[in-house]
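Notes for the one structure printed next.
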Amino acid sequence: TCLVLWLIGALLFRIFPALQGITANRLASQWGANLFVGLLGSIAVPALMVLLVISILGIFVLPIYLLLLAFAGLISYLGAALWAGHRLLPPAPGRPLNYVGLFLGIAALQLFWLVGGWAVLPALALWTLAWGALLRGLRTLWR
């Protein structure tokens with residue numbers, strides 16, 4: 001799982017460098033706004049899903065919504081892993097991405113999930129911060 005996530009993350013951050021700037025680079029510097037938007041987005045996602053389920057058009061839109069939601073979850077998880085990995089092993093000067101650091105961040109988050117219990121809280125917190133950063137940066141991605 002770590003290797004597959006690492007390959008996806010390395011490819012995404014290499015092809016779309018703006019994703020790194022939106023998720024990982026804004027994670028700690030704007031943590032308050034990211035946390036607020038991440039929690040608000042986490043509340044809005046199930047509410048919107050219920051609205052889509054009870055509407056007639058929502059039946060057709062719901063698979064697309066779930067696919068986009070899964071993709072956004074993957075991007076925010078990889079952004080959180082990249083941020084954690086760059087704390088463990090910073091990138092070399094002049095290089096924005098450290099692939100070994102990305103792998104270490106993914107391995108650290110996966111270890112939190114594997115241990116379970118209270119160890120899941122740091123992974124969930126980072127994921128929520130990255131989710132908020134991604135939601136806040138959607139306007140920048142469309143430019």
Side-chain angles (χ1 to χ4, degrees), residues 1-91 95-143:
T1 307
C2 289
L3 186 59
V4 171
L5 285 173
W6 178 76
L7 287 172
I8 293 170
L11 184 67
L12 275 175
F13 290 130
R14 180 78 172 162
I15 293 174
F16 305 110
L19 284 176
Q20 179 181 353
I22 287 172
T23 56
N25 293 350
R26 292 184 184 177
L27 207 66
S29 62
Q30 303 170 1
W31 71 270
N34 291 340
L35 182 64
F36 177 73
V37 172
L39 290 174
L40 192 64
S42 298
I43 293 169
V45 163
L48 184 59
M49 190 177 306
V50 168
L51 290 175
L52 286 174
V53 166
I54 63 174
S55 72
I56 294 172
L57 288 176
I59 294 171
F60 301 109
V61 178
L62 189 63
I64 297 168
Y65 175 72
L66 291 175
L67 184 67
L68 289 174
L69 189 62
F71 190 63
L74 176 69
I75 289 173
S76 59
Y77 187 76
L78 290 172
L82 181 65
W83 181 84
H86 281 182
R87 302 294 78 71
L88 296 171
L89 187 63
R95 297 189 59 145
L97 183 61
N98 184 355
Y99 296 106
V100 178
L102 174 63
F103 187 79
L104 287 175
I106 290 171
L109 289 181
Q110 292 293 89
L111 181 66
F112 284 141
W113 292 113
L114 181 69
V115 170
W118 291 100
V120 173
L121 290 179
L124 280 176
L126 279 176
W127 201 354
T128 303
L129 286 173
W131 167 251
L134 181 65
L135 288 178
R136 290 182 62 229
L138 283 177
R139 209 174 25 193
T140 307
L141 283 176
W142 288 110
R143 290 184 193 172

CG/L114 to OG1/T1 distance, rounded to the nearest 0.5 angstrom? 10.0 Å
Which atom pairs, one a donor and one an acceptor, fall under 3.5 Å between side chains of residues 17-26 and the rest of the protein, sequence neighbours left out?
from: Q20; atom 1: NE2; to: P96; atom 2: O; distance (Å): 2.6
from: T23; atom 1: OG1; to: L19; atom 2: O; distance (Å): 2.6

Let me confirm one number: the CH2-CG distance from W131 to L126, rounded to the nearest 0.5 Å. 16.0 Å
Side-chain donor-acceptor pairs under 3.5 Å in residues 45-69, sequence neighbours left out?
from: S55; atom 1: OG; to: L51; atom 2: O; distance (Å): 3.4
from: S55; atom 1: OG; to: L52; atom 2: O; distance (Å): 3.3
from: S55; atom 1: OG; to: G58; atom 2: N; distance (Å): 2.9
from: Y65; atom 1: OH; to: V45; atom 2: O; distance (Å): 3.1

Would you please name every residue forming a side-chain contact (heavy atoms from CB on, under 4.5 Å) with F103, sequence neighbours left out? C2, W6
Distance (rounded to the nearest 0.5 Å) between I106 CD1 and L7 CG: 9.0 Å
Taking atom OG1 of T128 and atom CG of L40, what is their separation to the nearest 0.5 Å? 12.5 Å
At what distance, to the nearest 0.5 angstrom, does CG of L74 lie from CG of L5? 6.5 Å
Contacts satisfying side-chain hydrogen bond (donor to acceptor under 3.5 Å, both in side chains) that involve residues 28-48 (not counting sequence neighbours) are Q30-R136, N34-R136
Exercise answer: donor-acceptor pairs, residues 76-90 side-chain atoms, under 3.5 Å, sequence neighbours excluded:
from: S76; atom 1: OG; to: A72; atom 2: O; distance (Å): 3.1
from: S76; atom 1: OG; to: G73; atom 2: O; distance (Å): 3.0
from: S76; atom 1: OG; to: W127; atom 2: NE1; distance (Å): 3.0
from: Y77; atom 1: OH; to: Q110; atom 2: OE1; distance (Å): 2.6
from: Y77; atom 1: OH; to: W113; atom 2: NE1; distance (Å): 3.2
from: H86; atom 1: NE2; to: N98; atom 2: N; distance (Å): 3.2
from: R87; atom 1: NH1; to: W83; atom 2: O; distance (Å): 3.1

Do V115 and V120 touch side chain to side chain, with heavy atoms closer than 4.5 Å? no
Sequence neighbours left out, what passes side-chain contact (heavy atoms from CB on, under 4.5 Å) with A125? Give chain and number order. none
